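Notes for the one structure printed next.
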Amino acid sequence: MANGSILYPLLVACLLVSSSFQSLHRHDVDSAMPSLTLDVDKSFHGCDQNLELKEAVCSHKGLDTVPQNLSEDTEMLVLSDNNITKLLNSSFEVYPLIKSLEISLNDVRAIESAAFYPLMGLMYLDLSFNPRLVLPATGVFMMSSQLSILDLAALYTTSLPNDILKWIPHLYYADLSFNQLSFINLSSCGMADTVDMRGNKLHNLTAKDFTFLCLTDTLDLRYNPIKSVDPDVIASLHVRSLMLGGYRFSDEVLANIILGISKSDIKLLKIEYCSVGAFPKGFFDPLSDSSLSVLEFNGNNLTSLHPLVFSNLTKVRNFRFSDNKLPIDEVQPDFFDGMNALKVLAINDNKLKLDYCDITNLYPLVFSGLESLETLSLKGNNIQHIHDDVLSGLGQIQSINLEGNRIEYLEEIMFSNNWKLTNLSLANNRLTRLNQSTFKPIFFSISSLDLSMNLIDCNCDLKWLIDWLNEPNIRLNNKDKTICSSASLEPLREKPLLDFDPNELCIIKYGLYSLIPLVSISLVVISVLLYHHRWQLRYKLFLLKLAALGYKEMRDARDHNDYEFDVNIIFYDDDEEWIREQLRPALEERLPQFQRNVFGDEDLVLGMHYLDSVDYVVSHSYKTIIVLSRAAVLDHWFILKFRTAMDHVSDTLTEFVVVVFLEDIPGDEMPFLARLYLSDGRPYLHWTENVRGQEYFWDELTKSLTINLRTNDLIPNE
Ligand SMILES: *[C@@H]1O[C@H](CO)[C@@H](O)[C@H](O)[C@H]1NC(C)=O
Ligand SMILES: *[C@@H]1O[C@H](CO)[C@@H](O)[C@H](O)[C@H]1NC(C)=O
Ligand SMILES: *[C@@H]1O[C@H](CO)[C@@H](O)[C@H](O)[C@H]1NC(C)=O
Ligand SMILES: *[C@@H]1O[C@H](CO)[C@@H](O)[C@H](O)[C@H]1NC(C)=O
Ligand SMILES: *[C@@H]1O[C@H](CO)[C@@H](O)[C@H](O)[C@H]1NC(C)=O
Ligand SMILES: *[C@@H]1O[C@H](CO)[C@@H](O)[C@H](O)[C@H]1NC(C)=O
Ligand SMILES: *[C@@H]1O[C@H](CO)[C@@H](O)[C@H](O)[C@H]1NC(C)=O
Ligand SMILES: *[C@@H]1O[C@H](CO)[C@@H](O)[C@H](O)[C@H]1NC(C)=O
Ligand SMILES: *[C@@H]1O[C@H](CO)[C@@H](O)[C@H](O)[C@H]1NC(C)=O
């Protein structure tokens with residue numbers, strides 16, 4: 001009888017009823033104890049009374065009149081499911097304190113006009129399902145100024161008294177649904193937040209047959225066989241949300257609705273289940289200057305769309321056309337041109353019967369104009385593949401739902417521009433492999449991820465995913481439905497993904513145990529050798545990398561003079577001594593051409609917010625050095641700065657950051673960001689107390705400060 005928000009008060013009422021049942025039941029059980037039987041009295045008509053809560057529940061007791069000998073201070077009276085046929089002027093005189101009265105599912109046919117007058121505090125009245133009820137012609141709620149919820153559903157009545165809402169200043173919810181009303185004259189009416197008139201017989205929304213002057217948030221006229229609409233009637237409504245549909249509408253009816261909306265203050269229009277097959281060209285044009293911000297066209301029969309049909313909806317912020325039959329590859333780039341204000345777009349469940357050879361693709365640039373979009377839902381559309389560029393215009397996007405499609409793999413750069421993405425659902429697709437590169441741009445923004453109902457191959461390549469999911473700021477939804485496929489490592493097959501502990505399994509996998517003694521010895525030997533020659537070796541490796549990968553191609557053409565700053569050094573306050581005594585002199589000696597350096601927070605740009613300034617300097621420096629120490633990685637601001645720099649690396653695809661480790665940081669203290677940095681093979685150097693080591697350190701640092709490489713994930717880790 002009612003949808004979500006409307007249900008709430010009813011729910012509360014139901015809970016009140018059921019809680020009273022529960023407490024009564026409890027008393028029954030305890031009735032052996034005399035002290036508790038006092039407030040329970042079941043002698044009258046078998047009604048259950050709770051004197052303490054001032055409630056009387058007399059449902060399904062075969063009553064044919066309102067019982068007169070219940071407690072006089074009753075506030076809640078339930079008389080539903082009886083045989084009451086009449087409510088008299090005197091019926092409620094003995095219960096003047098009633099606030100909540102339920103007389104649904106009886107056979108009330110007549111109500112004397114003063115029947116409710118004694119109930120000055122009445123807030124909730126349910127008369128629904130009295131199929132032969134004729135309301136008194138006038139004045140029935142004259143004394144009911146407190147009424148908040150009025151349920152007159154399913155009376156099968158053909159007319160309402162004109163003044164039925166006249167004396168109620170603020171009705172929260174009026175349920176007039178599933179009657180036989182073909183004529184409405186509510187010309188005298190206060191506020192009525194939600195008015196539900198679904199399932200009546202309204203044919204004509206015309207001045208003659210439909211007058212509705214309540215101040216209303218939601219007017220639900222669905223399931224009325226509307227045949228004619230006068231745009232001025234719609235224009236005169238004081239309604240925020242209007243819902244229509246459930247019957248086939250003629251083109252003329254639709255056009256008049258749109259015309260009426262364009263002249264009204266209506267903000268939300270929902271036209272559902274009325275078999276609209278296509279929008280004629282220019283159909284929405286009248287809405288270009290309206291105040292409409294939400295448009296829903298769900299459950300229709302749309303199979304194709306004219307290009308530019310939405311282009312004048314420049315103010316609509318929320319647009320849904322779910323549950324139609326629109327093939328997703330019909331949605332062309334220019335459909336959304338001009339919808340600049342759009343924040344929410346939902347094209348869900350446009351299920352099609354597909355030939356198996358059909359490729360169901362989204363056009364690459366289909367969302368390119370939707371720069372403000374925050375929520376995109378493409379649930380249940382049989383999408384097989386999302387092209388690189390489909391999401392790249394959505395710089396403000398926070399939530400993407402791709403649930404219930406047929407996606408088998410994700411492009412590596414598909415999220416590269418979605419820095420603000422917090423919620424991502426890929427549930428119920430056909431994903432088996434996930435590539436770390438795909439998720440890198442959204443590693444830090446995602447807080448809610450759904451990968452359930454895919455058949456993920458759990459193997460050691462997925463270590464990054466497990467590490468990521470173990471971070472505190474990300475939540476994996478539907479964990480119990482996120483299962484490893486049967487192609488996974490043996491112990492993981494059909495097991496929850498989160499049972500996977502790569503640290504344990506991925507060593508066992510290589511069967512190293514039997515080799516351990518031998519390996520350990522060789523490792524010791526090799527380590528000693530490596531340790532002794534490590535600086536030369538590293539340098540060789542560095543040169544080798546450059547040679548192997550082609551020095552020229554990878555080099556960024558700009559030099560330090562093309563930037564506002566030469567080197568930007570990010571460090572933690574406690575490490576200032578190293579900067580002062582080691583780094584500054586070395587830079588002055590080795591790189592005298594670098595004069596415009598930024599040493600820490602002191603040199604940041606004045607007159608900007610702190611993080612803006614950090615961002616500005618990072619993006620305007622040729623090079624950035626990040627100095628890591630155990631204390632630094634514990635500092636929130638330091639990590640934010642580190643992250644800003646990393647964002648720019650991904651952004652510019654330029655390897656302009658060098659990380660310097662001042663000391664060893666134990667694995668468990670190493671922040672995720674640093675681990676990610678290292679696992680990507682990004683450049684880093686270790687400071688050492690060893691004098692030869694220091695020489696190598698400065699050589700290496702000098703070298704990396706004088707070139708900028710393009711990022712290339714093919715570089716082997718050092
Ligand atoms: C209502 O009255 C009819 C006859 O008048 C009877 O058949 C029916 O059982 C009664 N219903 C209840 C709930 O007592
Ligand atoms: C309550 O009223 C009914 C009739 O309406 C009567 O049968 C019953 O005896 C009354 N009980 C008491 C306690 O007055
Ligand atoms: C009930 O009250 C109304 C209004 O006071 C009055 O007009 C009507 O005659 C009353 N009905 C009966 C049966 O007394
Ligand atoms: C709706 O209006 C038409 C034309 O004015 C009229 O013939 C018809 O009876 C009206 N329908 C209802 C249910 O009032
Ligand atoms: C609606 O009711 C008001 C007051 O009862 C009356 O003045 C008006 O003429 C009615 N309008 C229609 C269209 O019947
Ligand atoms: C939906 O559209 C198809 C094709 O345009 C048409 O054959 C079908 O009858 C329509 N269904 C309804 C319920 O209007
Ligand atoms: C609606 O959009 C079309 C195509 O973009 C444009 O030519 C036309 O002028 C617009 N109409 C209005 C009323 O804005
Ligand atoms: C994202 O997910 C969280 C938790 O599941 C939820 O509370 C929040 O409303 C979602 N945000 C958006 C924009 O969908
Ligand atoms: C991820 O993408 C990279 C680059 O294309 C590729 O080399 C690598 O094999 C992919 N990894 C997986 C697990 O598919």
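Order of appearance sets the numbers: ligands from 1, and atoms from 1 within every ligand. One-based numbering along the sequence shown. Because the structure is a prediction, the values reported are computed rather than measured.
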Could you pull out every donor-acceptor pair under 3.5 Å between side chains of residues 115-123 and any protein atom, sequence neighbours left out?
{"unit_1": "Y117", "atom_1": "OH", "unit_2": "G139", "atom_2": "O", "d": "2.9"}

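With sequence neighbours excluded, the residues satisfying disulfide bond (SG atoms under 2.5 Å apart) with C214 are C189. Remark: D450 engages S452, N478 in a side-chain hydrogen bond (donor to acceptor under 3.5 Å, both in side chains) (not counting sequence neighbours).
For the residue pair Y273 / D323, a side-chain donor-acceptor distance below 3.5 Å is found, with atom types taken as modelled. N224 and H203 share no donor-acceptor pair across their side chains, judged by distance under 3.5 Å alone. In the model, N298 has a side-chain atom that pairs as donor or acceptor with a side-chain atom of E296 under 3.5 Å.
Within ligand 5, the atoms closer than 4.0 Å to a non-hydrogen atom of S187 are 1 (C), 2 (O), 3 (C), 4 (C), numbered from 1 in the order shown. Taking every heavy atom of S113 and a limit of under 4.0 angstrom, the matching atoms of ligand 3 come to 3 (C), 4 (C).
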For ligand 4, find each of its N or O atoms that sits under 3.5 Å from a protein N or O atom, and tabulate the pairs with distances to one decimal place.
{"unit_1": "ligand 4", "atom_1": "2 (O)", "unit_2": "N204", "atom_2": "OD1", "d": "3.1"}
{"unit_1": "ligand 4", "atom_1": "2 (O)", "unit_2": "N204", "atom_2": "ND2", "d": "2.2"}
{"unit_1": "ligand 4", "atom_1": "11 (N)", "unit_2": "N204", "atom_2": "ND2", "d": "2.9"}
{"unit_1": "ligand 4", "atom_1": "14 (O)", "unit_2": "D209", "atom_2": "OD2", "d": "3.2"}

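Of the polar atoms of T211, none of the N or O atoms is found under 3.5 Å from an N or O of ligand 5, judged by distance alone. Note: an N/O pair closer than 3.5 Å links N89 and ligand 3 by distance alone.
Taking the six-membered ring for Trp, F249 and Y247 have ring centres at least 6.0 Å apart.
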Working for side chain to side chain donor-acceptor pair (under 3.5 Å), residues N130 and Y156
CA-CA 8 Å; N130 282 288; Y156 305 102; over 6 Å; no
